[in-house]
Amino acid sequence: MKVIRTISEMRNWVNATRQKGKRIGFVPTMGFLHEGHLSLIREARKFADQVVVSIYVNPTQFGPNEDFDRYPRDFQRDERLCRQEEVSVVFYPTNDEMYSPFHKTYIITEDLSGVLCGRSRPTHFRGVTTIVGKLFNIVQPDIAVFGQKDAQQAVIIKRMVADLNFPVEIKVAPIVREMDGLAMSSRNKYLTPQQRKEATVLYRSLQLAEKEYADGNTDIQSIKSKMRKLIETESSGKIDYIEAVDAETLDAPQLGKRDTLVALAVYFGNTRLIDNTILKKQN
Ligand code: AMP
């Protein structure tokens with residue numbers, strides 16, 4: 001496994017790999033890897049000969065008062081995990097390598113980036129699409145895998161790839177959870193033991209939505225208010241949002257008629273956790 005730190009070296013590897021006719025699979029991450037990330041690597045390997053994982057905590061996707069500085073980092077551990085997963089290349093660039101001091105260009109997916117998480121993180125998705133666009137140009141993957149954990153991100157990346165004609169196929173892999181249901185996240189590390197315990201309510205609230213829907217409740221307002229009540233009574237979490245939107249377009253939902261994304265963001269102390277489920281259309 002190679003650890004590559006510069007764009008020029010990455011390009012050399014990509015050119016040599018393409019010349020051999022090998023397919024490149026790509027998993028972009030911010031590191032501090034967990035089973036969720038590893039599941040994406042395994043998914044990428046199904047469709048590619050060589051897997052590239054990028055580890056880069058991208059400053060442009062963090063707001064001014066967010067956790068960029070204290071975002072957890074452990075490169076040695078990440079490197080070991082990637083080696084175990086038989087990754088071909090870990091691309092681990094510096095900030096100077098990724099952003100020149102003269103950087104002025106951003107990719108914006110209109111409308112999609114202003115809803116859900118975009119309301120409280122107004123510049124977040126602009127940062128995500130910009131870095132993913134840059135990474136796609138550097139790594140030139142045939143396929144790239146993203147997690148359903150970040151459902152809005154997956155929708156936005158698919159839109160970007162279609163709109164800007166990136167020659168890459170996007171796969172979305174299911175949410176990997178801890179034994180008690182909490183969605184795996186590098187940010188779970190911030191939680192106190194008490195918050196960690198309480199945070200299981202997020203998955204239970206999504207399961208409640210699934211059960212209501214399976215039992216015939218198609219009133220999305222009533223489902224959302226039951227979720228809210230559960231979170232408020234069983235935890236100290238402060239709800240940022242609980243929303244239901246069309247799973248493909250992020251427009252107003254048509255519960256029952258089209259797949260509906262039920263997504264939430266909740267603060268436990270300063271830690272903002274997200275999770276979601278899809279209520280499948282009934283036909
Ligand atoms: P991050 O390192 O948090 O930027 O995440 C990198 C990729 O891993 C993104 O595509 C995430 O959606 C995905 N991911 C993060 N957590 C999970 C999880 N629990 N299950 C599945 N995918 C995940």
Side-chain angles (χ1 to χ4, degrees), residues 25-47 51-63 66-68 70-75 77-79 81-82 85 87 90-93 98 112-113 116-117 121 124-136 139 141 143-161 168-191 196 199-200 202-203 206 247 261 263-266 271-278:
F26 179 43
V27 178
T29 82
M30 298 206 298
F32 209 70
L33 303 180
H34 51 65
E35 276 296 321
H37 298 112
L38 303 187
S39 76
L40 307 190
I41 295 172
R42 290 168 200 152
E43 186 68 11
R45 178 126 24 67
K46 286 190 205 160
F47 304 97
V51 175
V52 177
V53 173
S54 63
I55 296 184
Y56 181 59
V57 184
N58 170 37
T60 65
Q61 71 191 69
F62 288 80
E66 292 184 357
D67 55 344
F68 173 71
R70 62 189 197 105
Y71 194 83
R73 294 160 167 93
D74 186 345
F75 183 71
R77 183 170 161 278
D78 290 346
E79 190 184 354
L81 289 170
C82 286
E85 294 298 326
V87 166
V90 173
F91 182 51
Y92 180 50
M98 290 310 286
L112 300 181
S113 56
L116 305 175
C117 287
R121 307 187 74 191
H124 171 67
F125 290 108
R126 176 185 90 144
V128 170
T129 41
T130 301
I131 196 67
V132 171
K134 283 163 71 68
L135 289 166
F136 282 176
V139 176
I143 72 128
V145 187
F146 292 81
Q148 178 61 22
K149 162 84 192 320
D150 298 86
Q152 183 175 12
Q153 169 174 286
V155 169
I156 288 174
I157 296 292
K158 282 189 195 161
R159 189 72 261 144
M160 174 188 87
V161 161
V168 53
E169 190 183 334
I170 303 299
K171 306 267 181 199
V172 181
I175 302 176
V176 176
R177 298 179 178 283
E178 303 285 357
M179 293 287 276
D180 61 8
L182 179 65
M184 288 195 184
S185 165
S186 308
R187 289 191 169 96
N188 292 348
K189 181 185 159 59
Y190 297 144
L191 301 171
R196 171 66 188 79
T200 59
L202 302 186
Y203 184 48
L206 294 167
L261 172 70
L264 53 78
V266 176
T271 305
R272 185 173 175 280
L273 299 181
I274 58 171
D275 202 346
N276 68 82
T277 189
I278 287 184

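For ligands, and for the atoms within them, numbers begin at 1 and follow the listed sequence. Both backbone and side-chain heavy atoms feed into the values below; hydrogens, waters and symmetry mates do not. Nothing here was measured: the structure is a model prediction, and the numbers come from that model.
In this structure, K171 satisfies the cation-pi test against F47, with its NZ or CZ atom closer than 6.0 Å to the six-membered ring centre and inside 45 degrees of the ring normal.
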> What do the steps show when you test Y56 against K134 for side-chain contact (heavy atoms from CB on, under 4.5 Å), and what is the final call?
Replying inline: CA-CA 12 Å; Y56 181 59; K134 283 163 71 68; over 6 Å; no
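The closest approach between Q153 and ligand 1 falls below 4.0 Å for a heavy atom of the residue. Ligand 1 is approached by P174 to a heavy-atom distance shorter than 4.0 Å.
Across all non-hydrogen atoms, the minimal contact from I55 to G31 is CG2-CA, 3.7 Å. Closest approach of L135 and S54 over heavy atoms only: CD1-OG, 3.8 Å.
Residue-ligand proximity, M184 to ligand 1, at heavy-atom distances under 4.0 Å covers atoms 16 (N), 17 (C), 18 (C), 19 (N). Of all atoms in ligand 1, listed by their number and element, those nearer than 4.0 Å to a heavy atom of I175 are 20 (N), 21 (C).
Checking Y92 against D78 by side-chain atom types alone, no donor-acceptor pair falls below 3.5 Å.
Considering backbone and side-chain atoms alike, M30 places an N or O below 3.5 Å from some N or O of ligand 1. Ligand 1 has no N or O atom lying under 3.5 Å from any N or O atom of F146, backbone or side chain.
Remark: minimum distance from atom 23 (C) of ligand 1 to any protein heavy atom is reached at K149 CB, 3.8 Å. With hydrogens left out, the protein atom closest to atom 3 (O) of ligand 1 is Y71 OH, 3.9 Å, a heavy atom. The protein heavy atom nearest to atom 11 (C) of ligand 1 is D150 OD1, 3.1 Å. Scanning the protein for heavy atoms near atom 22 (N) of ligand 1, the closest one is G147 CA, 3.5 Å. Of the protein's non-hydrogen atoms, H34 CE1, 3.9 Å is the one closest to atom 15 (C) of ligand 1. When hydrogens are left out, the protein atom nearest atom 20 (N) of ligand 1 is V176 N, 2.9 Å; that is the closest non-hydrogen contact. With respect to atom 1 (P) of ligand 1, the closest heavy atom belonging to the protein is H37 NE2, 3.7 Å.
Note that CG of L40 and CD of Q148 are 11.5 Å apart. Values are rounded to the nearest 0.5 Å.
Of the options L38, L40, T29, the smallest heavy-atom separation from atom 7 (C) of ligand 1 is shown by L40.
Side-chain contact between S186 and H37: present, with at least one pair of heavy atoms (C-beta onward) separated by less than 4.5 Å. Residues V52 and P141 are not in side-chain contact: their nearest non-hydrogen atoms beyond the backbone lie 4.5 Å or more apart.
In summary, D275 and R177 engage in a salt bridge, as defined by a charged side-chain N under 4.0 Å from a carboxylate O.
Of the possible donor and acceptor atoms, none in the side chain of T130 sits under 3.5 Å from a partner among the backbone N and O of G127.
At a heavy-atom cutoff of 4.0 Å, ligand 1 is contacted by the backbone of P28 but not by its side chain.
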